[in-house]
Amino acid sequence: MSEVKMETLVSLCKRRGIIFPGSDLYNGLQGTFDYGPIGVELKNNVKKAWWRSVVYERDDIEGLDAAILMHQRIWLASGHVEGFTDPLVDCKVCKKRFRADHVEEKDFHKFRVLIQKEGDDWEDTGKTLYAESKKSAKAQLTSGVFAIPQEKHIRVEPVEGDVFHGKRCPECGGELTEPRQFNLMFKTFIGPVEDEAALVYLRPETAQGIFVNFTNIMDTMRRKIPFGIAQIGKSFRNEITPRNFIFRTREFEQMEIEFFCKPGTDEEWYEYWVNERFNWYLRFGIRKENLRTRSHEKQELAHYARACKDVEYNFPIGWSELEGIANRTDFDLKQHQKFSGKDLTYFDEETRTRYIPYVIEPSGGVDRAMLAFLTDAYREEIVRDRPRVYLALHPFLAPVKAAVFPLLTNRPELVAIAKKLTADLKKEFYTVYDDTAAIGKLYRRQDEIGTPFCMTVDVETLSDQAVTIRERDTMEQERIALDKVASRLHEKFKL
Ligand code: GAP
């Protein structure tokens, strides 16, 4: 498990305008988050880093931005209507819902609930509950499930020897229903009539938008196999238990490639893509010790996959999936050929034969990648007896590239130079000007959002036409001529 606590990241994100709970003003909407001014920059940079690596730096991948709303038959063909389900259990007592596979099996002890009558007399209420400990049993009493007036003195007493091992409600210890399959797709209607024919789904993966455009792209871009299509976009899943900040949400973004190849070459391409994607995270700053791959067991595989390997990151919640690379075989194109009645075969000019291409799919989450980059970059240290927090983000990902401060705000000449430097740098990098606090505080703010460089304009600047540039990670300061700042930054931001 990462040493960085999730609460620490959540609080930093809220404090610094990176991520807010969704619908915060109305006390939140579970499983949604809003990216603030700094967060949207980080998110855009993560997407840019991906697009650059998979589209611009290669010559075998095309980009796409397909619609979120797609024909309902697409989801019948893909198997999502039938099979995109999670097992769900309800608590019979507090009525809360959970994913059956997210509820841990534990030992639960039975407790009697007693209330105090007059004096020292205690009366058995006849109510019992199951809990892991006396403390959690007491906590359940205040959860409102037991409907005992708060002003009464209540206590719990273990019923000796009555232990239940298994799954019970993680919130109140109540009995759970048998698991039922619950489809994760959000539904809506297209047009004014809300009937079956008008039913559409919000896409639960961007992948299908790629499959249904396979021939459009191959034909218009005159592509031959092997080649891939890359897409970044929102996906929606009605997750039963969204949790762990932006790790599992109901609305999230995916970065997906469907790489079409000749059957028989699929295993080689699969290994290739696992490697490529693993190295992409390292390239943008994730430390190797926090990254690993894990092959899916047969029973874990999605309905469309022959093999799947996850790139896992050591999140604050422990090792978990960051991205999955799957061998989807010819499953999807075959299904769409069947459901659409259109020919999706590829004509191989070399062998003069037709086949349905196999597909290797590297599929990552933008939000999850952000969480990994934030976790990995988070640093705390003591500098001159004071704690310093900074994000050692890769310069390409840093939301703000440079900040400019005038040392004295009561000297208009310094303010003017600082504003001019900001305006000049803004043409090339996202640069901010700040004079709303003392210099130490301004540095602290920029450190916490991972700004690689801060420049201070001081009285000396008037005579030497230079500024002090401070580097985020080392805090080293250097004097640099005003007309050299842009080229210095260029040097640092080169990929
Ligand atoms: N097209 C294949 C596919 O969608 P997936 O493993 O279900 O595969 C791929 O999802 C990636 O999308 C995951 O590795 C994760 O990064 C991200 N993802 C999936 N569900 C998510 C959720 N509820 N919240 C945030 N990210 C999610």
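Whatever order the structure lists ligands and atoms in, that order sets their numbers, starting from 1. Throughout, residue positions are numbered sequentially from 1 according to the sequence presented.
Each of the atoms 1 (N), 2 (C) of ligand 1 lies under 4.0 Å from some heavy atom of Arg328. For ligand 1, the atoms sitting less than 4.0 Å from at least one non-hydrogen atom of Glu323 are 14 (O), numbered in the order shown with element in parentheses. Residue contact check: Glu205 has heavy atoms under 4.0 Å from atoms 1 (N), 2 (C), 3 (C), 4 (O) of ligand 1. If you number the atoms of ligand 1 from 1 as listed, the ones under 4.0 Å from a heavy atom of Leu322 come out as 14 (O), 16 (O). Which parts of ligand 1 touch Glu361 is read off a 4.0 Å heavy-atom cut-off, strictly below it: atoms 1 (N), 2 (C). Atoms of ligand 1 found under 4.0 Å from any heavy atom of Glu256, numbered from 1 in the order shown, are 1 (N), 2 (C), 3 (C), 4 (O). The distance from ligand 1 to the heavy atoms of Tyr304 drops below 4.0 Å at these ligand atoms: 2 (C), 3 (C), 8 (O). Within ligand 1, the atoms closer than 4.0 Å to a non-hydrogen atom of Glu239 are 22 (C), 23 (N), numbered from 1 in the order shown.
At the top of the distance list for atom 17 (C) of ligand 1, counting protein heavy atoms only, stands Gly365 CA, 3.8 Å. Closest to atom 14 (O) of ligand 1 among all protein heavy atoms lies Glu321 OE2, 2.6 Å. Scanning all protein heavy atoms for the shortest distance to atom 25 (C) of ligand 1 gives Phe247 O, 3.2 Å. Among all protein heavy atoms, the one lying closest to atom 7 (O) of ligand 1 is Arg237 NH1, 2.8 Å. In terms of protein heavy-atom proximity, atom 12 (O) of ligand 1 is nearest to Gln254 NE2, 3.3 Å. In terms of protein heavy atoms, atom 11 (C) of ligand 1 is closest to Ser363 O, 3.6 Å.
A salt bridge links Lys43 and Glu253; the closest N-O separation between the charged side-chain nitrogens and carboxylate oxygens is under 4.0 Å. Glu171 and Lys96 are joined by a salt bridge, as a carboxylate oxygen and a charged side-chain nitrogen come within less than 4.0 angstrom of each other.
Each of Phe429, Tyr430, Phe396 was checked for a ring pair (Phe, Tyr, Trp, His ring centres under 6.0 Å) with Phe493, and the lone residue meeting it is Phe429. Just one residue in the list Val432, Val400, Leu12 forms a side-chain contact (heavy atoms from CB on, under 4.5 Å) with Ile449, and that residue is Val400. Considering Phe214, Trp269, Tyr270, Phe227 as possible partners of Phe259, the one that fulfils the ring pair (Phe, Tyr, Trp, His ring centres under 6.0 Å) test is Trp269. The residue from Phe252, Phe315, Phe33 that alone fulfils the ring pair (Phe, Tyr, Trp, His ring centres under 6.0 Å) condition with Phe245 is Phe33.
With hydrogens and angles ignored, the 3.5 Å screen pairs a side-chain donor or acceptor of Gln337 with a backbone N or O of Leu344. For Thr220 (side chain) and Asn216 (main-chain N/O), a donor-acceptor pair under 3.5 Å exists by modelled atom type. Checking side-chain atoms of Arg294 against main-chain N and O of Lys309 turns up no donor-acceptor pair under 3.5 Å.
Relative orientation of the Trp280 and Phe284 rings is tilted, given thresholds of 30° and 60° on the angle between their planes. Relative ring orientation between Phe331 and Tyr304 is described as tilted, the plane-to-plane angle lying within the 30° to 60° band.
Here atom 22 (C) of ligand 1 lies nearest to Phe252 when heavy atoms of Phe236, Phe252, Tyr313 are compared.
Inclusion of Ala207 in the set of residues having an N or O under 3.5 Å from an N or O of ligand 1 is not warranted.
The shortest separation from a heavy atom of Thr249 to ligand 1 is under 4.0 Å, placing the residue in contact.
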